[in-house]
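Here's the structure we're looking at; comments come further down.
Residue numbers begin at 1 in each chain, while the letters A, B, ... track the order of the sequences. Computed from a predicted structure; not experimentally measured. Just so you know, these numbers use all the heavy atoms, side chains as well, and skip hydrogens, waters and symmetry mates.
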Amino acid sequence: MARHLITSAIPYINGIKHLGNLIGSQLPADLYARYLRARGHEVLFLCATDEHGTPAELAAAKAGKPVADYCAEMHDVQAEIAKGFGLSFDHFGRSSSPQNHALTQAFAGRLNEVGLIREVTEEQVYSVTDGRFLPDRYIEGTCPNCGFDSARGDQCDNCTKQLDPTDLIEPHSTISGATDLEVRETKHLYLRQSDLRGKLQDWINTKTDWPILTTSIANKWLNDGDGLQDRGITRDLDWGVPVKDGTADWPGMEGKVFYVWFDAPIEYIACAQEWEDAGKGTNWQSWWRTDQGADDVTYTQFMGKDNVPFHTLSFPATIMGADQNWKLVDYIKSFNYLNYDGGQFSTSRGRGVFQDQALDILPADVWRWWLLSHAPESSDAEFTWEAFQTDVNKDLADVLGNFVSRITKFCRSKFSEAVPDGTYGPAEEALIADLTDKVAAYQAHMDAIEVRKAAASLRAIWVAGNEYLQAEAPWSTIKEDEAKAAGQVRLGLNLIQLYGVLSAPFIPTMARTMLDAMGTDEVWPDDVGAALNLLKPGHAFTVPENLFSKITDDQREDWAARFAGTRS
RNA sequence: GGCGCGGUAGCUCAGUUGGUUAGAGCGAACGACUCAUAAUCGUUAGGUCGGGAGUUCAAAUCUCCCCCACGCCA
C-alpha cells in the first residue's frame, strides 16, 4: 500500500465549464484516484475553484453581485456539478480560503527572506472612471498601423501588430467604455525565476518518464529567447490575497493583491489544510512536507496543456525557492484539447456541451466513458454526436449492458434468481487464463495513466464475456447437460461481479448497479480465478434494469441542433 | 514570422531502442447463433504509413527540404 497525492487543475470560478475542461484534468484525475483506492492505496485527491483575478470581478459585476458572494455561489454550483459527474474529491476547496490567504502570504514572505523577490516600478494604464488599473487586453482603441477600430492594448487583431496601450488612438476601457485613461506609475513584486533556471532545468531533465507534451513545453519556456523570465506576482486589484510579507505589512504594496497565478497553485497545499480543518482528515502536512512524512508520497498532477508552464516552472520555482521541504510534483499528466464538431468549444459563444447540460440529458457514466475512452492524450481529440452515439451505444448498451441482461435473464428463466450449482471445465479455465492476462494489461495501463489504452483493455475484458457465452452457448448446453449449463451460467454471473469492480473507476454508477444486483462488495481481483469463484452456488442476485438505454437518432439530432449555437 | 503537437485503412486511433506478409475498435459486406437492450460471435474487404530526397542489408520508425491542420508566442 502506497500513499498517493492527486490534484486536478483547479477550474476558474467565472461560470460553468464545458466538457473539454472536464476531460482535460478532473475526469482523468478522478479515474486514477478511484483506481488507486480500489487497489488499496491511500489516496488524497484534491481540487478547488480558482477564484481571484479580473475575470471574476467582471463576472460578478455583470451578475450584479459582490464578488465574494458571486464566488461563493459559483463554487457551490461547480461543486454540485462535480458531484454529478461522480468526481471523488476528498475535498473541493477554494483559492479564496483563509488557509490559502495565509499560506500565499507566508510563501511570499519566505521568498522575500531568501532574496528571490524584487520590486519593480512600472507604468500602467489607469482608468479613472473604473477606478482601477486596466490589463492591456481590457483596453481598446484604433490601431495606429492599420486604422482598425477595435485593436486591443496588447495587439491589433486585424493587422497582428504588437502594440502598447499607449500606442492606441482614442483608447477606451472595454469594461466601462470610459475614455479618461491615464498612465500612472505602480510598484509590483517580481519573483526571480531566472535565478532558479538551472535548478529547474536540472529537475526537468530528470523527468524522462513524463509525457513529451509536458517536458517540451517546460523546455521551451526555459530556453526560448533569453530563457526563463522573472515574473510579476502582484496586481492592482481589490479581489485577491492582500500582499503581505508573511504576516507583516509590505511597505509600498498597500491595496495590492497577489497575482492569481501565484496563489492558485498554492491552493493545492492550502486545500489539504482545508480538508483537515473541515474534519475530513488529519495531519495534512504528512502529505505536503517531506520533513513531516510526505517522503513516501507520490504526487501526480493532472491538467490541460495550457496549464503546463505554471506547473512545470512557476509553481516549482515557488516550492524550490522557499526551500522548506515542500513536496514537489512527481508526475505531470497533461492533456490536449477536445474539439467540438470540427471546431473549438466556445464558452463565449455557447458552442458545445456544457457540464450542467450534459448531466441534464444523459447519466454521468455515459459522458465519463466516452470522454475517458477518447481522452486527448497524444493530440487534440474530436467530439461529434455521431461518434458519441455509436460509441456509447455499442460499448455500454450492446457489449456491457447486454451482457449483464442476457446472463441474468437466462439464469432467471432457466434456473432461478440465485447462482446455480455447476463446475468449471477446460473452457472456463481457458477464460480465466485469458482474463488474467487481460486484467494484467488493464492494470498496467492504469498504473501508467494511459487512459485510452486502459479503456480499450477494459472493453476487451467485457468482450471476452460475450465471446465465452457465444462459444459455450449455455442455451444449447442446457438441452442435453443441465449441470454443465449451470457451471457456464455461474461463471457468467461471476463475470458481472468482476466487471463491476474493474469498471468502477470509469463508470462508478453502473458498476455500483452491477455489484448491488449481484449482492457483492468491491474486491479487486488480484487473483482472477478466485474472483470468478466469489459468487457461490445458491448466492441470490437480482436482475437489474438495463444499465443504459441507447441514444436514438432523434435524440442525437435534437442535441446536435441544440448545442450548435448560442447558449441562452 | 518563430516555436510546439500532429498528418497511418471510410471514421477514431495503436505502432517500444529502424527488422519477417503495417495493427485495434467503429463503420461495410458475408456467415453463425437466438439467451439478451434487433443485442452477440466469426470471417472478409480496405492503407504505395502527407510529398520528395538521403542514410542503411533493412524505415511508418533516423537526417534534410517541402506541403497541410491545429495550437502557443512575439
Are there any protein N/O atoms within less than 3.5 Å of an N/O atom in nucleotides 42-47 of chain B, and if so, which ones and at what distance?
| from | atom 1 | to | atom 2 | distance (Å) |
| --- | --- | --- | --- | --- |
| rG42(B) | OP1 | Glu467(A) | OE2 | 3.3 |

What's the CZ-P distance between Arg490(A) and rC35(B), to the nearest Å? 23 Å
Using a heavy-atom cut-off of 4.0 Å across all strands, would you classify Lys453(A) as base, sugar-phosphate, or nothing? sugar-phosphate
Please report the distance separating the C1' of rC70(B) from the corresponding atom of rG6(B), rounded so that it comes out in whole Å. 8 Å
Within 6.0 Å of CD in Glu429(A), more than 12 heavy atoms from elsewhere: yes
Using the rule given for side-chain hydrogen bond (donor to acceptor under 3.5 Å, both in side chains), can you reason through Tyr468(A) versus Glu428(A), listing the C-alpha separation, both sets of side-chain angles and the distance that settles it, and then say yes or no? CA-CA 8 Å; Tyr468(A) 167 80; Glu428(A) 289 69 33; 2.4 Å; yes
Distance between the C1' atoms of rA29(B) and rA45(B), in whole angstroms? 8 Å
What distance, rounded to whole Å, do you find between the two C1' atoms, one in rG2(B) and one in rU17(B)? 32 Å
Under-4.0 Å side-chain N/O to phosphate OP1/OP2 contact, Lys550(A) with rA38(B): no
Indicate, with a heavy-atom threshold strictly under 4.0 Å, whether Ala397(A) touches base, sugar-phosphate, or nothing. base
Rounding to a whole Å, what distance do you find between Leu228(A):CG and rC73(B):C1'? 15 Å
Atom CD1 of Ile478(A) and atom C1' of rC35(B) are separated, to the nearest Å, by 10 Å
Find the distance Phe335(A):CZ to rG4(B):C1' and express it as a whole number of Å. 19 Å
Over how many whole Å does the gap from Arg459(A) atom CZ to rU40(B) atom C1' extend? 12 Å
Do you see a donor-acceptor pair shorter than 3.5 Å between the side chains of Ser503(A) and Trp369(A)? no
Could you check if a side-chain atom of Phe262(A) sits within less than 4.5 angstrom of a side-chain atom of Thr234(A), using non-hydrogen atoms only? no
Quick check, are the ring centers of His311(A) and Tyr268(A) under 6.0 angstrom apart? yes
Ignoring hydrogens, what is the shortest heavy-atom contact between Gly487(A) and Tyr424(A)? Give both atom names and the distance. O-CE2, 3.5 Å
With B for base contact, S for sugar-phosphate-only contact and - for none (protein heavy atoms under 4.0 Å), nucleotides 29-34 of chain B reads ----SS
Could you tell me whether rG46(B) is syn or anti, where syn means a glycosidic angle within 90 degrees of zero? syn
Nearest whole Å is fine: how far is rU12(B) C1' from Leu338(A) CG? 12 Å
Return yes if the base of rA39(B) and the side-chain atoms of Asp398(A) contain a donor-acceptor N/O pair under 3.5 Å, otherwise no. no
Please give me the minimum heavy-atom distance between Thr312(A) and Trp203(A), naming the atom from each residue. O-CZ3, 3.4 Å
Mind checking whether Tyr340(A) and Phe383(A) have ring centres under 6.0 Å apart? yes
Can you see if the side chain of Arg452(A) gets near the phosphate of rU12(B) - specifically, an N or O under 4.0 Å from OP1 or OP2? no
Report which part of the nucleic acid Leu547(A) touches: base, sugar-phosphate, or nothing (heavy-atom distance under 4.0 Å, all strands). base
Under 4.0 Å, counting only non-hydrogen atoms across every strand here, what does Asn546(A) touch: a base, just sugar-phosphate, or nothing? base
Point-to-point distance, once rounded to the nearest 0.5 Å, from CD of Gln497(A) to OG1 of Thr520(A): 4.0 Å
SB check Lys199(A) Asp202(A) (cutoff 4.0 Å): no
Students often get this wrong, so: under 4.0 angstrom with heavy atoms, is Phe403(A) touching a base, only sugar-phosphate, or nothing? nothing
Could you check how far CG of Leu400(A) sits from C1' of rU40(B), rounded to whole Å? 13 Å
Using atom P in both nucleotides, what's the gap between rA24(B) and rC35(B) to the nearest angstrom? 31 Å
Which residue lies more 5' along RNA chain B, comparing Ala387(A) with Tyr337(A) via nearest heavy atoms: Ala387(A)
Report the distance from atom CG of Leu200(A) to atom CD of Gln193(A), rounding to the nearest 0.5 Å. 7.5 Å
Separation of the C1' atoms in rA22(B) and rU61(B), to the nearest angstrom: 11 Å
Base-paired stretches in RNA chain B with three or more consecutive Watson-Crick or G-U pairs, both distances under 3.5 Å, amount to B:1-4 with B:70-73, B:10-13 with B:23-26, B:28-32 with B:40-44, B:50-54 with B:62-66
Distance between C1' atoms of rG1(B) and rU48(B) (Å, rounded): 35 Å
Assign each of Phe548(A) and Ala381(A) to its nearest nucleotide of RNA chain B by heavy atoms, then name whichever residue's nucleotide is nearer the 5' end. Ala381(A)
Distance col, row Phe85(A):CZ vs Leu27(A):CG, nearest 0.5 angstrom, shows 8.0 Å
Going through the distances and angles, do Phe410(A) and Val489(A) end up as a side-chain contact (heavy atoms from CB on, under 4.5 Å)? CA-CA 8 Å; Phe410(A) 181 76; Val489(A) 171; 3.7 Å; yes
Would you check, one step at a time, whether the test side-chain hydrogen bond (donor to acceptor under 3.5 Å, both in side chains) holds for Asn205(A) with Gln201(A)? CA-CA 6 Å; Asn205(A) 287 345; Gln201(A) 182 73 67; 3.0 Å; yes
Considering only the C1' atoms, how many Å lie between rG23(B) and rG15(B), rounded to the nearest integer? 7 Å
Could you state the atom-to-atom distance from CG of Leu469(A) to C1' of rC41(B) in whole Å? 10 Å
Roughly how many Å apart are rU21(B) and rA32(B), using the P atom of each and rounding to a whole number? 35 Å
